[in-house]
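Presented below is the structure to which this report refers.
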Amino acid sequence: MTEATIQLHVVDLAGETRTIDGAIGTSLMEIIRSSGIDDIPAYCGGCCSCASCHVHVDADFAAVLPPMSQDEDDLLDGSEHRAAGSRLSCQIPASAALSGIRLTIAPQQE
Ligand code: FES
């Protein structure tokens, strides 16, 4: 049986769009890292405490993203790169509703 996957379109820090696949249920951070894109350090390993997995999600997908926790919101508030579509990619599990999602990796904090 083939594992259910979705496709992501990821704009890396060089501005290059990469199309990658990832398993449903896996966080977007884990999918991006396991695809070989090394622009997300994920210092905390995905436990919502470092903000190094910050991405900007295209507005088209805003309505299907899971709600943001207070912790995620607080961490993003500390980023000079926060924008309307800002999310921490470790806090978003891949789901069928996110198939074709387009996101841009945010620059790391200085
Ligand atoms: S990997 Fe640290 S907050 Fe997402």
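Numbering of ligands and ligand atoms starts at 1, following listing order. Just so you know, these numbers use all the heavy atoms, side chains as well, and skip hydrogens, waters and symmetry mates.
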Between side-chain atoms of residues 101-108 and protein atoms elsewhere (two or more places apart, or another chain), which donor-acceptor pairs fall under 3.5 Å?
residue : atom : partner : partner atom : Å
Q108    : NE2  : S52     : O            : 2.9

Got a sec, which residues hit salt bridge (charged side-chain N to carboxylate O under 4.0 Å, His left out) with D21, two or more places apart in sequence or on another chain?
none
Taking L8 as the starting point, is it possible to reach L65 by hopping between hydrophobic residues whose side chains are less than 4.5 Å apart?
yes
Pairs satisfying salt bridge (charged side-chain N to carboxylate O under 4.0 Å, His left out), at least one member in residues 22-45, at least two apart:
none
So which residues, sorted by chain and number, lie with a heavy atom under 4.0 Å of ligand 1?
A42, C44, G46, C48, S49, C50, A51, C53, C90
Applying the 4.5 Å side-chain criterion to the ILVMFWY set and letting contacts propagate, would I6 and I37 be lumped into a single cluster?
yes
Just checking, is any N or O donor in the side chain of Q91 or S27 under 3.5 Å from an acceptor N or O on the other one?
no
